[in-house]
**Student:** 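Below you will find the structure I want to go over with you.
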Amino acid sequence: MANQDNRPAEAGGTGDQESVHHLIETRLAKMSELGEQVELYPYAYDRTHTSTEMRAQEEALTAAEQKVRFPGRIMAKRGTGKTLFVPIQDEWGMIQAYFRKDDLGEEKFRLIQKLIDIGDWIGVEGTLFRTRTDELSIKVENFTFLAKAIRPLPEKFHDMSLENRSRQRHLDLAMNTDSRERFKLRSEIITDIRSFFAEEGFLEVETPVLQPLYGGATARPFTTHHNALDMTLYMRIADELYLKRLIIGGLEKVYEIAKDFRNEGMDRTHNPEFTMLECYAAYWDYHGMMDLTERMLRRLALRFGQDGKLTYGDLEMDFNLPFARVRFMDALADKTGQDLMALDTDALTRLAKGHGVVIKKGMGRDKILDELFSELVEPELVQPTFVMDHPKELSPLAKAHRETDGLVERFELFIAGFEVANSFSELNDPREQRRRFEDQKTLMEAGDDEAQPIDEAFLEAMEQGMPPTGGMGLGIDRLIMLLVDTNNIRDVLLFPHTRPERIDRNDHPEGGTT
RNA sequence: GGGCCACUAGCUCAUCAGGUAGAGCAUCUCCCUUUUAAGGAGGUUGUGCCAGGUUCGAGUCCUGGGUGGCCUACCA
């Protein structure tokens, strides 16, 4: 086994044998006997009906005594001597197969009774009927073996632990209908978002994951290396700077749904790779983007919620009403009773500390405002709310506010207390963009490892002329969390990042001394 | 990153006065021709996360490490 290559042969004998559990041995033995009589891994199976179709068409199928052919996975076996009830699961549900010794004959009945296990795949052929306990069933006349499972499925009437559900998603999907439904829903939501953007006239594009410079957000990147070019590359933390190049090139409405990668902590709401939606429209400002965002979310709430309302934990949000729109500084003024723009940094720091905000060295005015906002305002933004017109320093890619000095034209959309979307009237003046990058560089040199590096190639593109543009980014995973009502990002990621179960202690010869 | 808790059979969990481990499901044998957490009788299954230590004796106590969960802080 490949993953054991660099393990030393320890005393006590760790070999391939140790991994062969007796349950697997038993199944392997059955497999070789079964293999003498049937094809163990055939190539295809002609299905006539899915489980849902059979349930929907039960009356007609039963009346006509029509033969159905139904493939799926065996989820249980309930024998009563010379009959056998076998629930078979397909993607949509479960249908029970009924095997009778009298119908199948001694040999075939022995196959299903003795050699075919829970977890195996089979196709059954027969007619529909109702048992006397009123369970829709297939009276099996013939069956086809489809694939052998040599490992057992988990136990059937307790939930798997969250850890095992995430690490072994194939088992979670096999065992838990709600999990299958949740991930199918995720897919339907994303498909619907694509339809929405198509209807709005946006072009779906793909931009590089591997970038010579990262940008478009404030975060630490993953770093990798291109061998042939012998150069460092970064996994993207955002799509923004490439999508803007497309706007500069004359594609007027573009969007991308793609993975971004951020080398930061993991918890219930953060995974190192996550799915981001970004869209840009030429000639729009952030008001246009706000309207677009509101249209999209109302549509999703109508299609995937209850009459345009969503329940999240014990919160209920109504997307039918126009979304609230509040200015960042106004929201803070409401909470603190004073105009924070009028305060100097010292007074602001005292105020923030008074509200329990931890002030670290090197935090600028705008950062303090942002912290204060997170502390005082965000948790209360349950109904969909656009927070507009943020302080400038935190938004190096946003255009200055057309009326108020020190602010930018930006909005964040909050729902159920957390940020779902972020948008700007995009900065398109290359001189101003260069100054903002210089400011970021200063922050970086001061030790801020999340500050954005200067991207000369992007500046050069902008110098070719970028039209007025509105842009918006939206965290898909968080949106899905809202729509499926879960507080754990693992529930909406098929394969969330997990640490390896076992550390190979032989990686570091001197090991253990840290 | 900080705090608290957990890790025992393939799965879900008990054993908590330290004396070399149990249940249900799964699996095996037998009985049962409409069961559905089928039922009945009997059997198999464990380096008790890893490494040290205390002890006559450790799953149980101590130390270190690993993985996970919850709370807390930060980035989406």
Side-chain angles (χ1 to χ4, degrees), chain A residues 10-14 18-27 29-30 75-87 94 96-104 109 114 117-119 129-137 139 149-168 171 175 217-220 237-238 260-277 357-358 360 370-371 374-375 412 418-422 449-450 473-479 481 487-490 498-505 511-514:
Chain A
E10 286 168 10
T14 62
E18 78 165 350
S19 62
V20 181
H21 191 268
H22 73 277
L23 292 172
I24 293 178
E25 273 176 356
T26 306
R27 287 185 176 224
K30 289 180 180 180
M75 298 305 289
K77 287 168 74 179
R78 295 186 286 270
T80 64
K82 297 180 182 59
T83 70
L84 191 63
F85 293 90
V86 178
M94 199 109 74
Q96 173 174 272
Y98 174 56
F99 297 81
R100 276 184 91 214
K101 196 172 190 173
D102 289 353
D103 296 341
L104 293 163
F109 191 74
K114 294 286 183 189
D117 292 307
I118 293 172
F129 74 108
R130 289 263 170 183
T131 64
R132 68 178 169 215
T133 51
D134 206 31
E135 175 81 23
L136 180 62
S137 310
K139 194 164 189 294
I150 62 176
R151 288 180 187 274
L153 287 175
E155 185 237 359
K156 62 192 168 198
F157 47 76
H158 292 94
D159 285 342
M160 295 166 69
S161 63
L162 176 61
E163 179 181 358
N164 282 341
R165 286 201 320 235
S166 304
R167 281 190 197 275
Q168 307 202 74
L171 292 180
M175 300 306 293
T218 50
R220 284 183 294 261
I237 58 172
D260 286 350
F261 306 84
R262 298 191 184 174
N263 204 342
E264 294 176 346
M266 297 164 50
D267 61 24
R268 272 196 324 288
T269 55
H270 296 88
N271 195 62
E273 55 181 290
F274 62 101
T275 303
M276 187 75 144
L277 161 70
V357 175
V358 181
K360 294 176 196 140
D370 193 48
E371 294 289 328
S374 301
E375 184 70 25
E412 291 178 297
F418 59 86
E419 183 194 337
V420 172
N422 185 26
D449 53 4
E450 290 188 346
L474 181 147
I476 291 287
D477 307 304
R478 290 199 169 170
L479 177 66
M481 285 168 68
N487 64 2
N488 197 325
I489 198 167
R490 290 181 158 204
T498 53
R499 288 180 214 242
E501 262 179 298
R502 290 186 188 81
I503 301 296
D504 192 333
R505 285 159 305 186
T513 51
T514 42

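Letters A, B, ... are given to chains in the order of the sequence lines, protein chains preceding strands, and every chain is numbered from 1. Only a predicted model underlies this, so the values are computations on that prediction, with no experimental measurement involved.
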**Student:** Can you tell me how far P in B:rU12 sits from the matching atom in B:rC74, rounded to whole Å?
**Tutor:**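 It works out to 34 Å between them.
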**Student:** If we take the P atom in both B:rA73 and B:rU60, what is their distance in whole Å?
**Tutor:**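 It comes out at 35 Å once rounded to the nearest Å.
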**Student:** Whole Å only: how far is the NZ atom of A:Lys77 from the C1' atom of B:rU27?
**Tutor:**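 In whole Å, B:rU27 C1' and A:Lys77 NZ are 11 Å from each other.
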**Student:** Given the rule in the side chain to side chain contact (heavy atoms under 4.5 Å, CB included) test, do A:Thr498 and A:Glu163 qualify, once you have shown the distances and angles that lead to the verdict?
**Tutor:** CA-CA 9 Å; A:Thr498 53; A:Glu163 179 181 358; over 6 Å; no
**Student:** Sugar-phosphate atoms are those with a prime plus P, OP1 and OP2; base atoms are the rest. Using that split, label each nucleotide of nucleotides 4-9 of chain B B, S or - for protein heavy atoms under 4.0 Å, 5' to 3'.
**Tutor:** ------
**Student:** Tell whether A:Thr80 reaches the base of B:rU33 with its side chain through a donor-acceptor pair below 3.5 angstrom.
**Tutor:**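 It does not, because no donor-acceptor pair links the side chain of A:Thr80 to the base of B:rU33 below 3.5 Å.
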**Student:** Choose from B:rU34, B:rC11, B:rU27 the nucleotide whose nearest atom is closest to any side-chain atom of A:Leu23.
**Tutor:**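 The nucleotide sitting nearest to the side chain is B:rU27.
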**Student:** Between B:rG68 and A:Arg167, is there an OP1 or OP2 to side-chain N/O distance shorter than 4.0 Å?
**Tutor:**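 Checking A:Arg167 against B:rG68: at least one side-chain N or O falls below 4.0 Å of OP1 or OP2.
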**Student:** Could you give the distance separating B:rA38 and B:rG19 at their C1' atoms, to the nearest angstrom?
**Tutor:**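 Between the two C1' atoms, the distance is 41 Å.
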**Student:** Would you tell me if any nitrogen or oxygen in the side chain of A:Ser161 comes within less than 4.0 Å of OP1 or OP2 on B:rU12?
**Tutor:**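 So the side-chain polar atoms of A:Ser161 do come within 4.0 Å of the phosphate oxygens OP1 or OP2 of B:rU12, strictly under.
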**Student:** With C1' as the reference atom in both, quote the distance from B:rA17 to B:rC61 in angstrom, rounded to an integer.
**Tutor:**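 Each nucleotide's C1' atom is 13 Å from the other's.
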**Student:** Dump the pairs, protein N or O against N or O of nucleotides 69-72 of chain B, anything under 3.5 Å, distances to one decimal.
**Tutor:**
unit_1 : atom_1 : unit_2   : atom_2 : d
B:rG69 : OP1    : A:Arg490 : NH1    : 2.8
B:rC71 : OP2    : A:Arg268 : NH1    : 2.7

**Student:** Is the phosphate of B:rU34 approached by A:Arg100 (side-chain N or O, under 4.0 Å from OP1 or OP2)?
**Tutor:**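 Negative; the distance criterion is not met.
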**Student:** Tell me if the side-chain of A:Arg78 makes a donor-acceptor pair with the base of B:rU35, cut-off 3.5 Å, by modelled atom types.
**Tutor:**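 Pair found.
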**Student:** I'd like to know if the side chain of A:Asn263 reaches the main chain of A:Arg220, judged simply by a donor and an acceptor atom lying under 3.5 Å from each other, with no hydrogens or angles considered.
**Tutor:**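 Checked: no pair found.
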**Student:** Hey, does the side chain of A:Lys114 come within less than 4.0 Å of B:rC30's phosphate (OP1/OP2), counting only N and O?
**Tutor:**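 For B:rC30, OP1/OP2 do have a side-chain N/O of A:Lys114 under 4.0 Å.
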**Student:** Of all the heavy-atom pairs spanning A:Arg151 and A:Arg27, show the shortest one and how long it is.
**Tutor:**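 Closest pair (atom of A:Arg151, atom of A:Arg27, distance): O-NH1, 3.5 Å.
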**Student:** Using a 4.0 Å heavy-atom cut-off across all strands, classify A:Lys156 as base, sugar-phosphate, or nothing.
**Tutor:**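 It contacts sugar-phosphate atoms only.
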**Student:** Taking for each residue the nucleotide of RNA chain B with the nearest heavy atom, is it A:Gly81 or A:Glu371 whose nucleotide lies nearer the 5' end?
**Tutor:**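 Between the two, 5'-proximity favours A:Gly81.
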**Student:** Would A:Phe85 count as stacking on B:rA38 if stacking means ring centres less than 5.5 angstrom apart and planes tilted under 30 degrees?
**Tutor:**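 No, A:Phe85 does not stack on the base of B:rA38, since the centre distance and plane angle fail the 5.5 Å and 30° test.
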**Student:** Rounded off to whole Å, could you give me the NZ-to-C1' distance for the A:Lys139 and B:rU33 pair?
**Tutor:**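 To the nearest whole Å, that distance equals 11 Å.
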